[in-house]
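One structure is given below, encoded as structure tokens.
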Amino acid sequence: MFLQTIKTQVAIIGAGPSGLLLGQLLAKQGISNIILERVTGDYVLGRIRAGILEQGFVNLVREAGVGARMDREGEIHEGFAIAVNGKLTHIDLKGLTGGKTVMCYGQVEITKDLMEARAAAGLSTYYQTSELALHDVNAEQPSVTFNYQGQAYTLSCDYIAGCDGFHGVSRQTIPQALRTEHERVYPFGWLGVLSDTPPVSEELIYCHHERGFALASRRSATRSRYYLQVPLTEKVEDWSDDAFWEELKRRLPAELAEQLVTGPSIEKSIAPLRSFVCEPMQYGQLFLVGDAAHIVPPTGAKGLNLAASDVATLYAILTRVYQQGDKACTSRYSEIALRRVWNGERFSWWMSNMLHNYQGMPVADMGSLTFKRFMESELNYYLQSEAGRRVIAEQYVGLAYESV
Ligand code: RFL
Ligand code: PHB
């Protein structure tokens with residue numbers, strides 16, 4: 001097979017939101033980059049995931065010049081609600097944080113906007129690559145080899161951004177002895193349904209219920225996204241649409257359950273819940289970004305937002321490298337990124353513990369009655385106190401990005 005050699009400044013592995021946003025921002029600064037993706041663009045767009053974007057993320061998308069549709073179609077949310085066994089408490093994000101809000105705009109839409117902007121700018125993305133491997137990441141001139149349309153390629157570059165998600169190859173390139181992986185797998189998953197029905201509420205409602213957690217989210221005035229806590233043993237095929245709606249009604253506050261508009265699901269899937277952090281997030285010229293380095297359970301709406309803060313940090317560092325010749329600043333990436341990551345991890349873990357029901361789980365998995373009582377007490381305390389609600393609000397809207 002003939003070997004093609006190509007060259008760029010930054011090789012980006014993965015065309016998820018992390019890779020696409022980083023690529024767009026770097027290109028704005030005149031830093032060349034090539035994205036290598038394992039699957040097709042349509043496959044990437046088929047993954048229904050996040051819906052809530054922090055202001056920092058929104059600003060970054062605007063800075064990348066890709067915010068026009070988001071600003072037109074996205075919804076600004078000034079608050080959300082937490083229901084405890086049917087009783088609602090409002091978390092006034094705007095009032096409690098001195099004016100901060102979040103944007104409700106689907107990950108699929110952001111990804112689509114970024115893909116279109118990349119194509120329009122003529123930036124190069126290789127979809128459906130295989131056999132991808134990273135080489136010499138600890139040397140001055142690393143490279144990535146891969147196959148594309150039956151042809152073997154070598155991409156030589158200055159830096160590699162590993163934006164290839166939890167199951168990607170980048171993280172595995174860091175020698176095992178040099179990385180520490182922290183992991184907690186939760187003893188339940190989220191069954192999610194997307195439907196073209198008017199959402200039950202204008203704001204999101206996180207429901208703590210004896211039968212298990214539920215979340216009422218949305219994508220627009222006509223599209224709803226709902227989730228139910230289910231045991232990990234559950235199969236999505238065993239959940240008919242009717243069964244899903246019935247269970248959701250049981251967990252929603254009664255007055256909302258009565259108003260719930262049901263309809264056929266357009267997507268239905270089960271996602272396991274995991275907390276995961278890889279330390280450090282860099283090795284030589286390789287930087288891990290987003291889900292490649294960390295995973296949070298979705299209860300705090302933080303996964304994509306942490307990916308965005310990694311992108312912001314790496315973008316600032318690489319801009320400094322290429323515009324000021326300050327190569328030494330690259331050594332600060334992991335330390336800066338991890339500080340924010342650990343806060344998001346702690347918040348997501350805490351929200352997950354308070355809002356889910358661990359009853360029936362092994363005691364080692366926090367299934368004891370004592371743990372249940374601690375969590376009920378914690379939730380009640382934080383909801384009835386304004387200071388408590390502010391603690392939730394401040395972290396939900398997202399901490400400020402650290403400068404490089
Ligand atoms: P992604 O999206 O996984 O993209 C990685 C890309 O890398 C490609 N890849 C490879 N490419 C080339 N070679 C290889 N060897 C490769 N291996 C993998 C993959 O095909 C893929 O295209 O990671 P990225 O870009 O870091 O983005 C992270 C986000 O997707 C994730 O954090 C969020 O979706 C998490 N999340 C949420 N985050 C929020 O901030 N707010 C939310 O409201 C929110 N809700 C959620 C969520 C995640 C969920 N699930 C299903 C896990 C709700 C759910 C249900
Ligand atoms: C979603 O709309 O998919 C969503 C919203 C908030 C979360 C998790 C998921 O915390």
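Whatever order the structure lists ligands and atoms in, that order sets their numbers, starting from 1.
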Determine, step by step, whether Glu279 and Trp342 satisfy the side-chain hydrogen bond (donor to acceptor under 3.5 Å, both in side chains) criterion, reporting the C-alpha distance in whole Å, the side-chain angles of both residues, the deciding distance to 0.1 Å, and the verdict.
CA-CA 11 Å; Glu279 293 178 315; Trp342 274 113; 3.0 Å; yes
Test item, Cys163 contacting ligand 1 (heavy atom, 4.0 angstrom)
yes
Tell me, which protein residue and heavy-atom name are nearest atom 2 (O) of ligand 2, and how many Å apart are they?
Ser217 OG, 2.6 Å
Identify the protein heavy atom lying closest to atom 53 (C) of ligand 1, giving its residue, its atom name and the separation to 0.1 Å.
Tyr227 OH, 3.7 Å
Distance to the ring centre below 6.0 angstrom and angle to the axis at most 45 degrees; does that hold for Arg47 and Tyr43?
no
4.0 Å heavy-atom contact, Phe166 with ligand 1:
no
Suppose we call two aromatic rings close when their centres sit under 6.0 Å apart. Are Tyr226 and Phe244 close by that rule?
no
Just need the protein heavy atom nearest to atom 15 (N) of ligand 1, so name the residue and atom and give the distance.
Val169 CG1, 3.8 Å
Counting both backbone and side chain atoms, is some N or O of Arg49 under 3.5 Å from an N or O of ligand 1?
yes
Does either side chain, that of Arg340 or that of Ser309, offer a donor lying less than 3.5 Å from an acceptor on the other one?
yes
Tell me whether Ala50 has any N or O atom under 3.5 angstrom from an N or O of ligand 2.
no
Please list, in number order, the atoms of ligand 2 under 4.0 Å from a heavy atom of Ala301.
6 (C), 7 (C), 10 (O)
Taking the six-membered ring of Tyr396 (Phe, Tyr or Trp), confirm whether the NZ or CZ of Lys100 is under 6.0 Å from its centre and within 45° of its axis.
no
Going by heavy-atom distance to atom 20 (O) of ligand 1, choose the closest among Gln128, Arg38, Glu37.
Glu37
Can you list the atoms of ligand 2 that are under 4.0 Å from a heavy atom of Pro298?
7 (C), 8 (C), 10 (O)
Can you confirm, on distance only, whether ligand 1 has an N/O atom lying under 3.5 Å from any N/O atom belonging to Gly51?
yes
Between the side chains of His356 and Trp190, does any donor sit under 3.5 Å from an acceptor?
yes
So for Arg219, does at least one of its heavy atoms come nearer than 4.0 angstrom to any atom of ligand 2?
yes
Is a salt bridge present between Lys112 and Glu109, judged by a nitrogen-to-oxygen distance below 4.0 Å?
yes
Backbone or side-chain N or O of His167 under 3.5 Å from ligand 1 N or O
no
Measure from NZ or CZ of Arg38 to the centre of the six-membered ring of Tyr126 and say whether it is under 6.0 Å with the direction within 45° of the ring axis.
no
Can you tell me if Asp310 and His294 form a side-chain donor-acceptor pair at under 3.5 Å?
yes
For ligand 2, which atoms, with element, lie under 4.0 Å from some heavy atom of Tyr206?
6 (C), 7 (C), 10 (O)
Assess whether salt bridge (Lys or Arg N to Asp or Glu O under 4.0 Å) is satisfied between Arg118 and Glu116, documenting all intermediate values.
CA-CA 5 Å; Arg118 189 167 178 88; Glu116 281 172 11; over 6 Å; no
Report the part of Thr299 (side chain from C-beta onward, or backbone N, CA, C, O) that has a heavy atom under 4.0 Å from ligand 2; answer both or neither where that applies.
backbone
Under a heavy-atom criterion of less than 4.0 Å, does Arg47 contact ligand 1?
yes
Checking heavy-atom distances from atom 24 (P) of ligand 1 to each of Cys104, Gly16, Ser18, the winner is Ser18
Atoms in ligand 1 flagged as close to Gly303, the criterion being non-hydrogen separation under 4.0 Å:
32 (O), 35 (C), 38 (N), 39 (C), 40 (O)
Which of the ligand 2 atoms, numbered from 1, are nearer than 4.0 Å to a heavy atom of Arg49:
3 (O)
In the protein, which heavy atom is nearest to atom 3 (O) of ligand 2, and how far is it?
Tyr227 OH, 2.6 Å
Has ligand 2 got any nitrogen or oxygen that is less than 3.5 angstrom from a nitrogen or oxygen of Arg218?
no
Pairwise side-chain contact, Glu258 with Leu252, heavy-atom cut-off 4.5 Å (strictly under):
no
With heavy atoms of Trp190 as the reference, note each atom of ligand 2 found under 4.0 Å away.
8 (C)
Would you please say whether a donor-acceptor pair under 3.5 Å links the side chains of Tyr186 and Ser275?
yes
